[in-house]
Every structure is written in structure tokens, then in C-alpha cells.
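Predicted model only: the values in this text are computed from it and were never measured. Whatever order the structure lists ligands and atoms in, that order sets their numbers, starting from 1.
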Amino acid sequence: MIDLENLTIKKVHESLKSGEYTVRELVDTYLKNIEEKNKELNAYLYLFTDIDERVKIAQKMFDSNEATLMTGIPMGLKAIIAKKGQITNASSKILENYKATYSATVVEKLEKAGVIFLGSTNTDEFAMGGSTENSAFGVTKNPVDTERVAGGSSGGSICVVASDMALVALGTDTGGSIREPAAFCGVVGFKPTYGATSRYGAYSMGSSFDQISPTAKTVEDVEIVNSFMRGEDKYDMTSLPDEVWKQNVKKEKYKIAIPKILVDGSDEDVKKSFYNFVEKLKKAGHEVEDVEISILDLGLAIYYILIPAEVSSNTARYDGLRYGTKIDGDDLWSTYTKTRGQGFGAEVKRRIMLGTYVLSAGYADKYYEKALTLREQLKLELKKVFESYDFILTPTAPVIAPKIGSMGDDPMTEYLLDVFTVTANVAGIPAISVPAGLTENENMPVGAQFMAGWEKDDQLFDVVKKIK
Ligand code: GLN
């Protein structure tokens with residue numbers, strides 16, 4: 001029996017190469033684990049129908065010496081990233097049985113490298129939320145404590161990694177969706193610089209915020225997956241040219257800024273774990289200073305104006321005519337309102353309404369335009385900070401994973417989970433969440449989030465690898 005708990009990409013690669021086990025044996029071990037755990041955790045919505053075929057391709061690559069580091073690696077795929085011929089429903093009723101007609105660029109790239117995608121993972125509907133409680137297909141439970149949420153929106157992808165139902169996985173991150181659940185479940189989640197990775201084939205939520213993002217148990221694995229994903233893509237005009245990654249950014253010691261005033265708003269037990277982690281960094285010789293970053297506290301307000309605006313236009317395409325499940329009414333208007341009214345869940349409808357409002361004549365100046373201006377100001381502020389510091393460090397979330405159902409019906413409670421993560425998406429900078437330890441009282445994981453300057457993605461991997 002293969003011990004899944006301590007596997008890494010490199011270990012698997014060596015074992016597959018030496019013939020210690022076959023791709024089939026590896027995948028079967030994961031499938032068995034899925035059979036045992038998924039019912040309870042609800043992380044996979046579907047398993048893909050082409051696994052056998054992919055196993056054969058991967059084994060052939062090993063047998064003919066064409067294997068890459070990713071060959072045979074079992075991965076989870078968030079239900080918002082298209083894989084051709086497979087149900088990719090964004091955890092929404094409106095796309096319940098929708099099969100993708102093409103694969104996302106990152107899926108194609110990884111499959112070419114020999115990856116085996118096992119299944120489609122649960123998310124808050126269309127990635128809107130931070131708990132997976134907004135999924136039309138039930139919440140994903142936290143494998144550390146099943147009374148709590150796994151977090152979201154990429155809760156399914158994080159959960160499959162944390163519970164060994166896949167070695168690594170892909171999610172998306174628009175305002176923290178890979179980092180927040182990673183923090184809640186004790187794994188690593190990385191959001192690249194905006195444009196590092198092609199968004200082609202990921203359902204758009206906020207097009208100027210979204211990035212497909214990898215998760216794994218170790219930073220080394222996240223870095224490997226990322227290296228196979230990123231790069232310019234002719235299908236995404238916001239993707240960055242490959243040259244930007246060639247700069248050498250590694251340093252012996254780093255300078256780290258902590259926006260103390262904002263961090264102080266976190267729960268006591270989160271702060272304790274976080275500041276223990278900070279001590280470790282100091283001991284390792286990094287310089288850590290408290291800083292005041294003006295308008296950082298406005299990140300959440302900027303985000304929750306601009307995101308609904310982009311959501312309202314991006315979801316217009318789901319009308320039951322072009323995509324999605326159609327619910328017939330007596331005429332076109334009632335077909336349209338029934339389809340969207342019953343197809344979308346409450347949170348998606350809330351954002352469509354808010355977004356339409358902030359974009360409408362008379363209010364666009366007051367809200368949308370103002371938020372756009374503040375977005376630029378925040379970027380300028382951050383630029384200044386990164387002239388003196390390599391990273392900004394915060395807890396990933398101000399609380400530990402909430403108990404299922406505990407956030408009630410007030411959406412603000414859930415929005416506040418994003419207070420530290422949205423900044424990176426508003427500004428387009430890279431950020432990584434790494435386990436910072438367990439809380440004293442509840443024994444729940446806490447995440448620490450490093451944010452770096454634009455295109456300094458590799459520096460994030462470097463600092464994290466240096467933490468002992
Ligand atoms: N929780 C945030 C939101 O609901 C982030 C979502 C995401 O990154 N997809 O908007």
C-alpha cells in the first residue's frame with residue numbers, strides 16, 4: 001500500500017521512474033481514498049471519465065523515457081476550470097449538467113506534461129464566497145475538523161489536497177479563494193501575479209482580479225505545478241510575456257513589513273500563532289518591521305464594489321439560451337427571469353444586483369469610478385512600500401475556519417474573512433499562504449500570508465523555503 005500522507009511530486013516521480021509502483025497503482029490508491037472519504041467531506045462533485053485513458057498515457061511516457069516531473073501526478077480541478085467533455089458546473093444549478101466544450105490552457109499544458117486530473121472539485125457558486133456554503137451542491141467539510149468549513153471558494157481543491165484525495169490541485173483566486181481555504185486546512189495556496197497564468201478556460205468572475213492558482217502540501221510542490229502552468233497565452237491578452245520570470249530575485253535575508261494596525265483586528269488565538277511565526281522569521285535573520293500603509297484598510301471596500309460590477313457583466317451570458325439549464329416560461333421575458341431567478345443562488349443574485357446598481361447611471365460616479373480611483377491609489381501606495389520592503393506579511397484570515405452554518409445569513413460576516421487577501425487581487429501582486437501553526441485553544445490551522453511586488457512570484461517561493 002502506498003502511504004499517501006507524506007508524498008511529494010519528486011518522491012512520486014522517483015518511485016514511478018524506478019518502478020517501485022505503477023501509475024495505475026498510484027491512481028488506484030487515491031481512488032480508494034476518495035471512495036472512503038469523499039462522501040463525508042464532499043470535496044469532489046464528479047470524478048472524470050477519462051482517468052483510465054490518462055493513466056495509460058502517463059505510464060507510456062515513463063516507459064518511453066518521456067516523463068516530466070508532473071507525469072502521473074493525480075490532481076484535483078476546481079469546478080470552474082474547463083476540461084473538455086467533462087462536467088464543469090461552477091457548483092451552480094444553472095450549469096448543472098454542462099460539459100465543457102474545450103479545455104482551459106492550464107489543463108492542456110498540464111495534461112501534455114502527463115498530469116491525471118481525477119475530478120471536479122466543489123466551490124462556492126461561480127467562486128463567490130469564502131466557505132463553499134454557497135455551493136448548490138452542499139458544503140465541503142474541513143478535514144481537520146469536520147464541524148467546520150474547508151473555506152472557499154476553492155474549498156474542494158484545498159480539501160482534496162489536505163485529505164490525500166489528490167497530491168496537488170488547481171483552484172482560482174479572485175479575492176483569496178486559494179489562500180483562505182489553504183490557511184483554514186493547513187496547506188499551501190499560491191496566487192500568482194495577475195497575468196502570470198492564462199485565465200483562458202476559467203469561468204470569469206472578476207476578469208481584472210482572477211488567477212488560476214495551485215495548492216499543495218509543500219511550497220516545493222506548489223512551485224513545480226506553477227512552473228508548468230504559467231506563461232504567455234495567445235488566448236489571454238492579459239497574460240505576461242515569459243521574459244518577466246527570468247530575473248534573479250533570490251536574497252539571503254529579506255525585509256518584511258507588517259501592517260500592525262490591520263493585523264490587530266484578528267482573533268487573539270490567530271494573532272498568537274501569527275506572531276510566533278514572525279519570531280521564527282526574525283530568528284532566521286530576516287528583518288521584520290511594523291508599518292502603516294495608508295488606505296490598506298479600504299481594500300475590502302474597493303473589492304466589494306468592483307467585484308459585483310464585474311460579476312454582473314460576466315454572468316450575463318448565463319441565460320439558458322446560450323449556456324445553462326433553461327426553465328421555460330410563457331414568453332421570452334419570463335423564460336429569462338425564471339432561468340436566472342431559479343438557476344442562480346442567493347449570493348450570485350446579490351452580487352448581480354449590487355453590481356448593476358454600482359454601474360448604473362448616477363451611481364457609477366459615486367461608487368464604481370471612485371473605487372477604480374482608489375484601486376490605482378492603493379497600487380501606488382504598495383509600490384512605495386515595495387521600494388523599502390520585500391514582502392508584506394499578515395495572517396491569511398483574521399479567524400480560524402468557522403463552524404458550518406455559523407456565519408448565518410449576513411453576507412458581511414463572510415466578506416470580512418477576506419480582509420487580508422483581497423489586497424493582492426486589487427493590486428494584481430502575487431501572494432502565498434503557508435501554515436503558521438495551530439491555535440492553542442482549538443488546535444486549528446492558521447495561515448501566514450506573504451505578499452510581494454509585481455512579478456516577484458519566485459521570491460515568495462524562496463522566502464517560504466527558507467523557513468525552518
Ligand atoms: N471570498 C471572496 C469573494 O467572495 C473571494 C472569492 C474568490 O477569490 N473567488 O469574493
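Between M128 and ligand 1, no pair of N/O atoms sits closer than 3.5 Å. Residue contacts with ligand 1: A127 is placed with a nitrogen or oxygen under 3.5 Å of a nitrogen or oxygen of the ligand (distance criterion only).
Nearest to atom 10 (O) of ligand 1 among the protein's heavy atoms is Y303 OH, 2.7 Å. Scanning all protein heavy atoms for the shortest distance to atom 7 (C) of ligand 1 gives S177 OG, 2.4 Å. At the shortest separation from atom 3 (C) of ligand 1 among protein heavy atoms lies Y304 OH, 3.2 Å.
Atom OH of Y275 sits in a crowded spot, with more than 12 heavy atoms from other residues, nucleotides or ligands closer than 6.0 Å.
Atoms of ligand 1 lying under 4.0 Å from any heavy atom of G129, numbered from 1 in the order shown and given with element: 1 (N), 2 (C), 3 (C), 4 (O), 6 (C). Here is the list of ligand 1 atoms found below 4.0 Å of a heavy atom in G175: 5 (C), 7 (C), 8 (O). Ligand-side atoms of ligand 1 in range of D418: 1 (N), 2 (C), 3 (C), range being under 4.0 angstrom from any heavy atom.
Ligand 1 does not have F209 within reach: every non-hydrogen atom of the residue lies 4.0 Å or more from it. At least one heavy atom of R351 sits under 4.0 Å from some atom of ligand 1.
Judged by distance alone, the side chains of T421 and Q449 never bring a donor and an acceptor atom under 3.5 Å apart.
Screening F190, F391, F420 for a ring-ring contact (aromatic ring centres under 6.0 Å, His included) involving F450 leaves a single residue, F391.
Using a 4.0 Å cut-off between heavy atoms, M205 contacts ligand 1 through its side chain alone, with no backbone atom that close. Both the backbone and the side chain of T174 come within contact range of ligand 1, each with a heavy atom under 4.0 Å.
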